[in-house]
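Residues: numbered from 1 along the sequence shown.
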Amino acid sequence: MLLIVGIIAVILLAALGGGGALANSSLSSTYSPQRAVSDYFSAMGRGDAGGMMSNATFLSDDSASSQFFTKDAVTAMLAADQNKHISNVRVGLVSTVDSSTDSVSVALSWGGTSRNLTYKVRKDSSRVHYLFYPSWRVQVPFSTVTVTVPNQGGRVQVDGLSLAARSRTAEVVQGFHSVTMQASDFYSANTQIADGVDGSPTVAFPTDLSSDAKAAAAGSIKAAFGNVTCDVSKYIDCPNHKYNTQAGYSYTLIQGLPGGDVKAKSWIWAFTGDPTSGMKLTVTADSGKVDASGTCSMKMTVDGSKIYNFVGDWTAVLTWSNGGFDSDAIINCDSARI
């Protein structure tokens, strides 16, 4: 039956003469590798995931990334406006790769940047029109998105789809993709757009802690400074304790101080300034742990009027617990006199 229909079609084309030639030219243009490419980008420009998929085969060699090649994934991908910024599409010449594959070049503006791309386009034997004119499918390459996540960062999503736990790469359809690190105890949520048109992008999420985490760390350090325990019988620099010279002595020689010894009838030490100003916070690989450090200062008031100023530093290990930090601090704020 197909042979008979084909013979009839040939006879009709021959009978139509020039009209048949015109029809053949029109159909050849409609069902061509060039048209498949232009239709693919036209569908992308109008945000039509179904139109894209009807003109393309999305390539991938990683089964673990299959979720990023479904219609829902392509629809989510189009939420990145850069993918709909398609203009000045100029399809170039076609070269033959093999009996079922052609190579097509295209120049266009994609996401505000001029691009020159080349695609393999294959015949789709499952869709043949008028017996002689097969559809063609653009072989769209994949792009590999690589993410760098800070210690104890949140889960990562690409176009709203979560990467597997501990996974740091995903194969995706060529184009722009929204990559998000979700919020965690230490970090705010962060979203970046990855340009996966011409290559495989890397997205590095910031290591800076969230404002809430910084505030919690500062509060914990200030509390540590406000609750220093110190044995005044062993040390001569315990903060907020007034020392007095023993009865029968006119003064005490305070020895071993940076900058030299000091004579005093009485003296008192006190922290000065904000020890959390300029503090450094580093999230470690240990769950819930943050290393903290900073500079600090003290003053020693001798005999109620003479003041000696000192500076030093502090370090602490902060442990996240019940929405805040517990701190284990080492404080040495009088290591140098200024």
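Residue Ile307 holds its CD1 atom at 4.5 Å from NZ of Lys299, rounded to the nearest 0.5 Å. Atom NE2 of His85 is separated from atom OG1 of Thr113 by 11.5 Å, given to the nearest 0.5 angstrom. Here the OH-OH distance, from Tyr119 to Tyr40, works out to 6.5 Å after rounding to the nearest 0.5 Å. From Met300, atom CE reaches atom CG of Asp237 across 9.5 Å, with rounding to the nearest 0.5 Å. Separation of atoms CH2 (Trp136) and CD (Gln34) is listed at 9.0 Å; rounding is to 0.5 Å. Here the straight-line distance linking atom CG of Asn83 with atom CG of Asp195 works out to 9.0 Å at 0.5 Å rounding.
Minimum heavy-atom separation, Val140 to Ala56: CG2-CB, 3.7 Å. When every heavy atom of Ala73 is checked against every heavy atom of Phe69, the shortest pair comes out as CB-N, 4.0 Å. Pairing each heavy atom of Tyr243 with each of Val232, the nearest pair is CE2-O, 3.7 Å. Scanning both residues, Thr57 and Arg137, for their nearest heavy atoms gives OG1-CD, 3.3 Å. Taking both residues in full, the closest heavy atoms of Val149 and Gly154 are given as CG1-O, 4.2 Å, listed atom of the first, atom of the second, then distance. Trp110 and Gly175 make their closest contact through CZ2-CA, 3.6 Å (heavy atoms, listed as atom of the first residue, atom of the second, distance).
At distances below 3.5 Å, at least one donor-acceptor pair connects side-chain atoms of Thr75 with backbone N or O atoms of Lys71. In this structure, Asp313 contributes its side chain and Gly294 its backbone to no donor-acceptor pair below 3.5 Å. Here the side chain of Asn151 pairs a donor or acceptor atom with the backbone of Val283 at under 3.5 angstrom. For Ser143 (side chain) and Gly199 (main-chain N/O), a donor-acceptor pair under 3.5 Å exists by modelled atom type. One N or O on the side chain of Ser60 and one on the backbone of Asp62 form a donor-acceptor pair closer than 3.5 Å. Side chain of Ser220 to backbone of Ala217: no donor-acceptor contact under 3.5 angstrom is found.
Side-chain atoms of Ser65 and Phe142, non-hydrogen and from C-beta on, never get closer than 4.5 Å to each other. By the 4.5 Å heavy-atom criterion applied to side chains, Leu108 and Asn88 are not counted as neighbours. With contacts defined as side-chain heavy-atom distances shorter than 4.5 Å, the pair Asp185/Gln152 does not qualify. Counting heavy atoms from C-beta outward, Met77 and Val173 have side chains that approach closer than 4.5 Å. Under the 4.5 Å side-chain criterion, counting only non-hydrogen atoms from C-beta, Arg337 is in contact with Val262. With contacts defined as side-chain heavy-atom distances shorter than 4.5 Å, the pair Phe205/Gln192 qualifies. Within the 4.5 Å cutoff, side-chain heavy atoms of Leu318 are placed close to those of Ile221. Contact annotation: the side chain of Ser103 approaches that of Thr118 to within less than 4.5 Å [non-hydrogen atoms, C-beta and beyond].
Under 3.5 Å, the side chains of Ser162 and Gln157 contain a donor-acceptor pair of N or O atoms. No side-chain donor from either of Asn190 and Ser188 sits under 3.5 Å from a side-chain acceptor of the other. Judged by distance alone, the side chains of Thr276 and Asp274 do bring a donor and an acceptor atom under 3.5 Å apart. With no hydrogens or angles considered, a side-chain donor-acceptor pair links Thr272 and Ser297 at under 3.5 Å.
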Candidate pair Asp231 and Ser233, rule side chain to side chain donor-acceptor pair (under 3.5 Å), full reasoning
CA-CA 5 Å; Asp231 188 344; Ser233 66; 2.5 Å; yes

Mind running side chain to side chain donor-acceptor pair (under 3.5 Å) on Asp98 and Ser100 for me, showing each step along the way?
CA-CA 5 Å; Asp98 56 42; Ser100 60; 3.3 Å; yes

Start with the C-alpha gap between Asn332 and Asp334, add the side-chain angles, then the distance that decides, and say whether side chain to side chain contact (heavy atoms under 4.5 Å, CB included) holds.
CA-CA 6 Å; Asn332 182 23; Asp334 57 352; 3.4 Å; yes

Evaluation steps, side chain to side chain contact (heavy atoms under 4.5 Å, CB included), between Asp208 and Lys214:
CA-CA 9 Å; Asp208 200 28; Lys214 288 179 180 178; 2.9 Å; yes

Could you walk me through whether Leu78 and Met44 satisfy the side chain to side chain contact (heavy atoms under 4.5 Å, CB included) test, starting with their C-alpha distance in whole Å, then the side-chain angles of each, then the deciding distance to 0.1 Å, before giving a yes or no?
CA-CA 8 Å; Leu78 291 172; Met44 183 183 292; 4.0 Å; yes

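Ring to ring, Trp267 and Tyr308 are not that close: their centroids are 6.0 angstrom or more apart. The ring of Phe325 has its center closer than 6.0 angstrom to the ring center of Phe186.
Enclosure of atom CG in Leu59 by more than 12 non-hydrogen atoms of other residues, nucleotides or ligands within 6.0 angstrom is indicated. The neighbour count for Lys120 NZ, taken as heavy atoms of other residues, nucleotides or ligands under 6.0 Å away, does not exceed 12.
Residues in residues 282-291 take part in these side-chain hydrogen bond (donor to acceptor under 3.5 Å, both in side chains) pairs, two or more places apart or across chains: Lys289-Thr319.
No single ILVMFWY cluster, assembled from side-chain heavy atoms under 4.5 Å apart, contains both Ile268 and Phe310.
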